[in-house]
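Here's the structure, in structure tokens; my notes come after.
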Amino acid sequence: MINDKAKAAHRLKCDDIRELLIEYFLRELGQNRSDLVREHLRKCEDCRATAAELSDTVDLLRSTMHDPEEPQRLSDESRRRILHAISHPLLDWMSRHHTLVSTVVVIITLLVAGLLLRDIRIRRDLPEAIEVEVLKEAVITDEYYEE
Amino acid sequence: MQDKLKANVAKHERLEQFNAIVSEYEAALLRYAARLLGNSSAAEDVVQEAFIKLYRRWEGTLEPSAGLSAWLYRVVHNQAVDYIKKESRRSDAHQRHIEEHAVMSAPSRPGANRSADETRLNVRDALEKLPLRERELVVLKIFENKSYKEISEITGLTTGYVGNILHHAMKRLTEILKDTGAL
Ligand SMILES: [Zn+2]
């Protein structure tokens, strides 16, 4: 049994082993493959050196895990903003998209103003046209009666 | 009347569950975002947004679970990507960010454990040299101790691919750390 494993470990190339090293260190490999890596490392000095380097990197990274300057909690300001956003979703949306909201407001104002102006012009033009027609008619009638 | 009362109670309960979720995950998410972005004030904004999205979009009960945790990490990742894109578009803001870093990188607090501070800065700089995807996997695996399966749930990558990227990232990190003399 042990002999079989030793043979399998030998058959795996160094490159294959190196690909498994992180998983080996982080205990993500199953029992079988873990044994294969261990067996290979026991015999192969090159892979052992690579493994040692990798393990140093992992240790170095993990030694910086607890940064005293890193915040552990959200600030009160952030909490306040979260609460505001979830209790007034519409107001929050508008304040985030204020450029869009103000553009839309301007467009709507312009449209309404345009419509109102057109309406005023039509109302002003309409009586004038009628008056001209009436005048023309009046002139014609006068001419008729004069004859 | 009765219905309104019920709705209020439900809303109140959801809010309480939400607060518990914030307390449960804020530290880990802040750490994760800060390491992705190399900037803790941006991390704060990103995490804040993620919690707001959670409240609005999470359809199930708000209780700590693997699914909910993966969802939060994923949202933080996406927000961080957006932030980085926005930041690189605003080049002067980007410049400011670099200057802030220069200030932060200056050896600080005489008498404090300087070598620990230096190591921390070396690691942070080395992480920043990795592409975002690689950095993300290193942070999740080495710092947050997530399993490949959890990482796969967070990133949507297959576990095999996670292993591949991580392998590359660690190799590159080792080289960078050796170059800067940290290793
Ligand atoms: Zn070997």
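Since the model is a prediction, treat every value here as computed from it, not as a measurement. Note on naming: letters A, B, ... go to the chains in the order of the sequence lines (proteins, then strands), and numbering restarts at 1 for each one.
Between the side chain of A:E23 and the backbone N or O of B:G163, no donor-acceptor pair lies under 3.5 Å. A donor-acceptor pair is defined here as one N or O able to donate and one able to accept, closer than 3.5 Å; no such pair exists between the side chain of A:E53 and the backbone of B:T174. In this structure, the side chain of B:R56 does not engage the main chain of A:I86 through any donor-acceptor pair within 3.5 Å.
Heavy atoms of B:N164 lying under 4.5 Å from chain A belong exclusively to its side chain. Of the atoms belonging to B:L15, it is side-chain heavy atoms, and not backbone ones, that fall under 4.5 Å from chain A. Neither the backbone nor the side chain of B:A43 has a heavy atom closer than 4.5 Å to any heavy atom of chain A. Contact annotation for A:S75: both backbone and side-chain heavy atoms come within less than 4.5 Å of a heavy atom of chain B. At a 4.5 Å heavy-atom cutoff, the contact between B:L177 and chain A is made by side-chain atoms alone. Heavy atoms closer than 4.5 Å to chain B are found nowhere in A:R27, neither backbone nor side chain. Neither the backbone nor the side chain of A:H84 comes within contact range of chain B; no heavy atoms are under 4.5 Å apart. Residue contact with chain A, scored on non-hydrogen atoms closer than 4.5 Å, involves the side chain of B:D45 exclusively.
Interatomic distance, B:K171 NZ to A:T57 OG1, rounded to the nearest 0.5 Å: 12.5 Å. Atoms CZ and CZ, on A:R81 and B:F51 in that order, are 15.0 Å from each other to the nearest 0.5 Å. The distance from atom NZ of B:K141 to atom CD of A:E28, rounded to the nearest 0.5 Å, is 3.5 Å. Interatomic distance, A:D59 CG to B:I142 CD1, rounded to the nearest 0.5 Å: 10.0 Å. The OH atom of B:Y55 sits 12.0 Å away from atom CD1 of A:I82, with the distance rounded to the nearest 0.5 Å. The structure places CZ of B:R120 at 10.0 Å from NE2 of A:H66, a figure rounded to the nearest 0.5 Å.
For A:E45, the CD atom sits in a loose shell: 12 or fewer heavy atoms of surrounding residues, nucleotides or ligands are nearer than 6.0 Å. Counting heavy-atom neighbours within 6.0 Å of B:Y161 OH, excluding the residue itself, gives a total of 12 or less.
A:V112 and A:V104 fall within the same hydrophobic cluster, defined by Ile, Leu, Val, Met, Phe, Trp and Tyr side-chain heavy atoms under 4.5 Å apart, directly or through other members. Under the 4.5 Å side-chain heavy-atom criterion for Ile, Leu, Val, Met, Phe, Trp and Tyr, A:I108 and A:L117 are members of distinct hydrophobic clusters. Put simply, A:L90 and A:V101 are part of the same group of oily side chains (I, L, V, M, F, W, Y) that touch within less than 4.5 Å, one to the next.
Between A:L61 and B:L173 the shortest side-chain heavy-atom distance falls below 4.5 Å.
Under the side-chain hydrogen bond (donor to acceptor under 3.5 Å, both in side chains) test applied with A:S78, the options B:E26, B:E49, B:E44 reduce to a single match, B:E44. Test A:L20, A:L21, A:I22 against B:H167 for side chain to side chain contact (heavy atoms under 4.5 Å, CB included) and you get one pass: A:I22.
A donor-acceptor contact closer than 3.5 angstrom is absent between the side chains of B:T119 and A:T64.
Ranked by heavy-atom pairs under 4.5 Å with chain A, the list B:I52, B:L166, B:N122 is led by B:I52. For the options A:L26, A:L83, A:D56, heavy-atom pairs under 4.5 Å to chain B are most numerous at A:L26.
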